[in-house]
Amino acid sequence: MRFGYFDDERREYVITSPQTPLPWINYLGVEDFFTLVSNTAGGYSFYRDARLRRLTRYRYNNCPLDADGFHFYIKEGENVWNPGWQPVQAELDSYRCRHGLGYTVIEGAKNGLRASQEMFNPLGEHCLLIRLKVTNETALAKRFSIFPFIEFCLWDAVDDSTNFQRNYSTGEVEVTENAIYHKTEYRERRDHYAVFWADRKPDGFDTSREAFIGVYGSPAHPAAVFGTGCTGSTAHGWQPVAAQQFDLELAPGESTSLLFGLGYIENGHSAKWAAPGIINKEKAERMIAAWTDDSAFDAGLQALHVYWNSLLMKFRVSSGEEKLDRMVNIWNQYQCMVTFNMSRSASYFESGTGRGMGFRDSCQDLLGFVHMIPERARERILDIAATQFPDGSAYHQYQPLTKKGNLDIGSGFNDDPLWLIAAVDAYLRETGDWEILEEPVDFDNDPALAQPLVEHLRRSFSYTETHLGPHGLPLIGRADWNDCLNLNCFSEHPGESFQTSGPSEGPVAESVFIAGMFVKYGRAWAEILRHIEKANEARAAEQSVEAVEAAVLNAGWDGEWFRRAYDAFGHVVGGRECEEGQIFIEPQGMCVMAGIGKSTGEAEKALASVRERLDTKYGIVLLQPPYTRYHTELGEISSYPPGYKENAAIFCHNNPWIVCAETELGHGDRAFEVYTRTAPAFIEDISEIHRTEPYVYSQMIAGKDAPGFGEGKNSWLTGTAAWTFVSISQAILGIKPTLDGLQIDPCIPSSLQHFSITRRYRGAVYVIDVENPDAVQHGVREIFLDGSLFPGTVLPVQKEGKEVRVRVIMG
Ligand code: BGC
Ligand code: NOJ
């Protein structure tokens with residue numbers, strides 16, 4: 001069942017029922033000021049850090065769900081309703097929510113009154129703008145009132161939801177003619193405040209939640225709205241809010257627009273006050289003045305469209321398969337940018353109060369957006385590398401505000417260092433910016449330890465090279481990509497971290513997955529070394545890679561598939577002798593992507609085993625059979641009930657690894673089949689089962705062993721976005737940036753006869769037409785570059801600004 005439809009022309013998903021299976025959200029903002037907004041106008045805003053600078057309050061895991069947000073109450077006579085249905089939940093005569101790129105429009109109508117609520121965060125400003133347009137669609141004049149309502153968060157979202165003994169006494173506001181200023185803690189150490197404004201003077205306001213909602217009221221039934229209107233309250237302590245009242249009258253057919261904003265202002269300590277106790281509002285007043293007419297609002301929205309156009313222009317496909325095109329051209333790339341901006345901090349599943357930026361996560365996210373904004377990828381690489389330890393290991397996370405490694409979690413996730421090579425390799429392939437390798441970058445954020453970036457890569461490689469276990473495979477440490485495979489942990493007490501409670505440097509437990517990574521990214525490292533004329537070092541690196549490759553084929557091969565690991569006692573994990581967890585997806589994907597066993601048959605067998613043992617109609621599960629009991633020697637993976645999360649869910653992130661692996665072997669039909677199983681647009685029809693947004697990937701879909709088979713969770717912030725973009729754009733459609741130019745090497749379903757791609761690459765535009773007259777899956781017979789036959793498949797780098805035509809004939 002569907003709850004909306006894609007409008008590709010406008011690049012929107014249009015939701016037609018407010019009662020979606022879960023709140024379906026969008027992200028507004030691209031730089032520092034962000035808003036999460038659901039299809040019923042739930043959500044919150046924050047500046048930079050979703051924990052430390054939370055502007056509005058959001059109660060996670062609330063009941064009813066998603067009641068806090070950016071709501072407008074409309075009251076006509078005794079009738080009270082919201083254009084987005086929540087929180088009053090009055091039945092609407094019509095409803096639509098359009099989630100577009102960086103903006104959302106929610107439109108509801110009741111009794112002949114139509115209200116549309118347009119929202120976006122303008123580029124270059126620290127604010128959210130909302131335009132409420134109301135139209136009287138009847139033949140009679142209408143009188144009604146409108147009440148916007150938001151609840152302020154007292155900045156630190158964790159403190160805000162825990163430290164009530166203090167919070168209930170600190171809240172402060174100031175009210176001016178059109179605006180409500182939230183200035184809690186401004187009297188002491190803060191020099192920032194929030195402001196909610198309207199483009200006109202309201203007929204009433206409230207800043208105390210008790211006054212507006214009522215002590216025992218709820219957002220579904222605010223006392224002021226259902227009673228006699230706003231009371232003019234000033235919050236002292238308790239819960240500061242911004243609520244206003246506008247009494248309006250509209251003639252038949254008449255419309256009016258009201259403009260609102262929620263801004264964040266930093267004054268600096270020397271410019272805090274206008275007068276004793278009165279905040280300096282100069283910057284806020286400038287911001288308000290800039291956004292209080294319709295044409296400014298329209299221009300801001302237009303600038304956002306231009307911005308997104310320029311990003312999405314970098315890669316466009318036209319394949320005749322509408323679902324594929326909409327995923328590639330719009331939603332997959334959009335999700336890549338959102339994951340780049342948010343890492344894993346703020347979604348409807350990530351509360352914004354927990355994790356910092358993941359070393360591994362951020363490196364992988366980069367694979368999906370490097371073509372859109374290479375400059376920001378560069379900056380991100382340097383930030384991440386600066387948190388690396390001098391021995392090449394890495395802090396598992398770092399904090400976005402300080403950019404410092406996070407001591408609580410520390411290091412010891414032994415895949416981390418190799419992801420840095422993956423990220424830099426992708427950056428070099430995209431940009432050819434070899435100078436980045438010479439950039440001095442701190443180790444452990446200590447400028448005294450700075451070395452050129454290339455030295456960071458060297459140490460990443462050598463960390464793995466020098467941390468091999470008894471079978472010559474890399475030691476796993478606290479975990480590898482699978483955070484839940486904790487082979488050195490043995491946690492037995494509730495509340496302990498599964499990852500950090502045991503000895504991290506176990507000398508026995510080994511990872512076949514990291515071995516696969518070492519082969520894949522070790523070869524990439526050797527190629528980089530050759531480019532910078534370090535041929536001897538490259539050869540030495542390749543020898544180490546070959547030794548690990550041999551270890552994989554020896555100790556990491558189970559007969560029909562690649563084993564997963566060896567535990568701390570030297571027992572096989574992910575082998576046929578295991579009682580549970582006999583086969584895992586990760587090493588099949590990574591080892592085949594690395595080319596291991598490609599010429600000797602193991603790769604074919606491994607992928608056949610995936611198909612036979614891990615396939616389901618909704619995607620490929622992570623392992624089989626699932627763990628039915630807790631294994632202390634394996635850790636968190638066995639803590640999840642069967643079919644959920646790492647314990648045999650369809651973990652979407654590693655499905656594209658199988659897609660890439662299948663294309664390594666030339667299996668275009670199968671690669672595309674795997675791609676479509678989890679691609680949101682392809683499963684839109686089962687939205688009632690999948691439940692999460694049909695326009696973005698979720699981290700996981702419940703596996704076949706779970707009661708909720710097919711149900712998605714943890715939508716939006718997942719490495720799935722980046723890896724899927726790699727799998728479809730590079731592995732299937734075959735547009736592969738290399739160190740020397742753009743390679744064209746598609747591996748497609750044989751039924752696809754023709755597709756074209758526009759790719760902006762290193763300043764030039766490649767307009768590529770691929771024909772598949774013999775219905776093959778793989779193989780390039782001829783390439784014509786601007787009409788002339790071109791030898792090979794790697795197109796040379798073109799002059800800045802040049803546009804070339806490329807005709808590719810498969811066969
Ligand atoms: C989740 C993993 C995640 C980890 C982060 C675990 O509970 O299952 O998916 O990577 O937490 O620490
Ligand atoms: C989610 C984490 O963000 C990611 O780093 C990890 O690789 C996967 N879970 C698998 O555990």
Side-chain angles (χ1 to χ4, degrees), residues 335 338-340 342-347 349-368 384 394-398 406 408-420 422-423 476-487 489 491 494-501 504 511 513-514 516-517 564-565 581 584-587 589-590 620-623 626-627 630 634-657 697-703 706 712-723:
Q335 189 177 1
V338 171
T339 50
F340 163 64
M342 296 288 128
S343 189
R344 302 295 172 269
S345 79
S347 73
F349 298 86
E350 304 275 7
S351 65
T353 60
R355 305 201 251 164
M357 311 275 288
F359 190 99
R360 165 205 301 143
D361 293 329
S362 294
C363 286
Q364 286 174 90
D365 290 347
L366 195 137
L367 308 180
I384 297 172
Y395 278 109
H396 192 49
Q397 293 178 4
Y398 70 99
N406 185 338
D408 297 343
I409 301 177
S411 67
F413 293 75
N414 282 352
D415 61 321
D416 276 333
L418 293 172
W419 289 118
L420 183 64
I476 197 167
R478 297 188 190 285
D480 59 21
W481 172 89
N482 192 329
D483 274 325
C484 299
L485 195 59
N486 314 122
L487 305 182
C489 167
S491 175
E496 274 173 2
S497 155
F498 285 105
Q499 282 83 24
T500 57
S501 60
S504 71
S511 163
F513 173 80
I514 303 182
M517 276 190 85
R564 179 63 179 84
F584 284 63
I585 190 173
E586 306 100 301
M590 190 51 79
I620 303 172
V621 295
L622 194 146
L623 61 85
Y627 295 107
Y630 180 53
L634 300 179
E636 187 174 3
I637 194 164
S638 57
S639 73
Y640 288 115
Y644 290 110
K645 296 278 281 181
E646 280 83 345
N647 188 13
I650 297 150
F651 217 84
C652 297
H653 186 139
N654 35 41
N655 275 242
W657 293 347
Y697 285 91
S698 294
Q699 182 206 55
M700 63 152 277
I701 297 169
K713 279 188 195 136
N714 303 11
S715 55
W716 281 99
L717 305 184
T718 160
T720 312
W723 270 105

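Just follow the structure's listing: the first ligand is 1, and inside any ligand the first atom is 1.
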Check: [X] side chain, [Y] main-chain N or O, donor-acceptor pair, under 3.5 Å:
{"X": "S362", "Y": "F359", "answer": "no"}
{"X": "Q335", "Y": "Y697", "answer": "yes"}
{"X": "N714", "Y": "F349", "answer": "no"}

### Query
When D483 is tested against each of R360, K645, R344 for salt bridge (Lys or Arg N to Asp or Glu O under 4.0 Å), which residue passes?
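The residue from R360, K645, R344 that satisfies salt bridge (Lys or Arg N to Asp or Glu O under 4.0 Å) with D483 turns out to be R360.
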
Which ligand 1 atoms, with their elements, are less than 4.0 angstrom from a heavy-atom of [X]?
{"X": "Y640", "answer": "1 (C), 6 (C), 7 (O), 8 (O)"}
{"X": "Q699", "answer": "9 (O)"}
{"X": "D483", "answer": "3 (C), 4 (C), 5 (C), 10 (O)"}

[X] neighbourhood, listing ligand 2 atoms whose heavy-atom distance to it stays under 4.0 Å:
{"X": "E646", "result": "9 (N), 10 (C), 11 (O)"}
{"X": "R360", "result": "4 (C), 5 (O), 6 (C), 7 (O)"}
{"X": "D361", "result": "2 (C), 3 (O), 4 (C), 5 (O)"}

### Least distance between heavy atoms, S491 atom then F498 atom
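Taking every non-hydrogen atom into account, CB-CD2, 4.3 Å.
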
### Query
R344 near ligand 1, heavy-atom distance under 4.0 Å?
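Distance cut 4.0 Å: R344 fails for ligand 1.
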
### Test item, Q699 contacting ligand 2 (heavy atom, 4.0 angstrom)
yes

### Message
Please classify the D483 to ligand 2 contact at 4.0 Å (heavy-atom distances, strictly less than): side chain, backbone, both or neither.
### Response
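Both the backbone and the side chain of D483 come within reach of ligand 2.
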
### Task
Indicate, as side chain, backbone, both or neither, the part of H653 found under 4.0 angstrom from ligand 2 when only non-hydrogen atoms are considered.
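For H653, there is no contact with ligand 2 at all, from either part.
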
### Message
Whether the H396 and N406 side chains hold a donor-acceptor pair (N or O, under 3.5 Å, no angle test) is what I'd like checked.
### Response
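Per modelled atom types, H396 and N406 side chains form no pair under 3.5 Å.
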
### Task
If the plane angle is over 60° it's perpendicular, under 30° parallel, otherwise tilted; pick one for W481 and F651.
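Geometry flag for F651 against W481: perpendicular rings.
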
